[in-house]
Amino acid sequence: DFAAVLVVYKSREGYWKGFAHPYDVTTEGNTKKDTLTKLQLLVNVYEDELRQFKFPSHLVHKPQSDLEDREMFRRVVNDAVEEKGIVDRFDYHAETHQVRS
């Protein structure tokens with residue numbers, strides 16, 4: 001049971017990208033760890049705002065706007081869910097995320 005899947009991956013351009021599905025929250029960074037830390041902070045802030053408005057579905061379930069993010073999500077979602085919530089490979093990291101109370 002989880003609220004989102006956080007994914008950080010090495011983009012085609014060579015930098016690290018991160019996104020949270022289904023929120024369409026995104027970020028970029030120089031390292032996998034840096035990008036994951038930024039993404040986790042952004043998601044926590046986003047969820048705090050969602051909480052204030054009682055998690056309206058039009059803000060929770062947003063389609064991913066970036067094509068490369070959508071492709072990566074399809075690649076990693078099954079791994080993240082099946083492997084107890086965390087997958088860490090050389091070119092990507094994916095983890096399931098719980099909403100903080």
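The shown structure was predicted, so the numbers you read here are calculated from the model rather than taken from an experiment.
Summarising the geometry of V25 relative to L39, their closest heavy-atom pair is O-CD1, 3.9 Å, with the distance given to 0.1 Å. The two residues P22 and A3 have their closest heavy-atom pair at CD-O, 3.5 Å. Closest of all the heavy-atom pairs between A94 and V7 is CB-CG2, 4.2 Å.
Using a 4.0 Å cut-off between charged nitrogen and carboxylate oxygen, D24 and R70 do not count as a salt-bridge pair. D91 and K32 are not joined by a salt bridge, as no carboxylate oxygen comes within less than 4.0 angstrom of a charged side-chain nitrogen.
Note on residues 11-31: pairs passing ring-ring contact (aromatic ring centres under 6.0 Å, His included), not counting sequence neighbours, are H21-F73, Y23-Y46.
To the nearest 0.5 Å, the span separating NE2 on H97 from CD1 on I86 amounts to 12.5 Å.
Partners of E71 under the side chain to side chain donor-acceptor pair (under 3.5 Å) rule, at least two apart in sequence or in another chain, are R12. For K38, there are no salt bridge (Lys or Arg N to Asp or Glu O under 4.0 Å) partners two or more places apart in sequence or in a different chain.
Checking side-chain atoms of D34 against main-chain N and O of N30 turns up no donor-acceptor pair under 3.5 Å. Side chain of K10 to main chain of F90: no donor-acceptor pair is present (N/O by atom type, distance under 3.5 Å, no hydrogens or angles).
The shortest distance between side-chain heavy atoms of R89 and Y9 does not fall below 4.5 Å. Residues H93 and V87 fail the side-chain proximity criterion, which asks for heavy atoms closer than 4.5 Å. Counting heavy atoms from C-beta outward, E68 and S11 have side chains that approach closer than 4.5 Å.
In terms of hydrophobic clustering, with Ile, Leu, Val, Met, Phe, Trp and Tyr side chains grouped at heavy-atom distances under 4.5 Å, V43 and F55 are assigned to a common cluster.
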Exercise for review: Show your working on side chain to side chain contact (heavy atoms under 4.5 Å, CB included) between L6 and Q40 and close with a plain yes or no.
Suggested key: CA-CA 8 Å; L6 308 185; Q40 289 167 332; 3.9 Å; yes

Check your understanding: Does the side chain to side chain donor-acceptor pair (under 3.5 Å) test come out yes or no for Q52 and E47, once each step is laid out?
Key -> CA-CA 9 Å; Q52 289 182 16; E47 288 174 344; over 6 Å; no

Practice item. Take K17 and D66, measure what salt bridge (charged side-chain N to carboxylate O under 4.0 Å, His left out) needs, and give me the verdict at the end. Key: CA-CA 11 Å; K17 292 178 72 176; D66 185 274; 3.0 Å; yes

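Among V76, L36, D88, T37, the single residue meeting the side chain to side chain contact (heavy atoms under 4.5 Å, CB included) criterion with V8 is L36.
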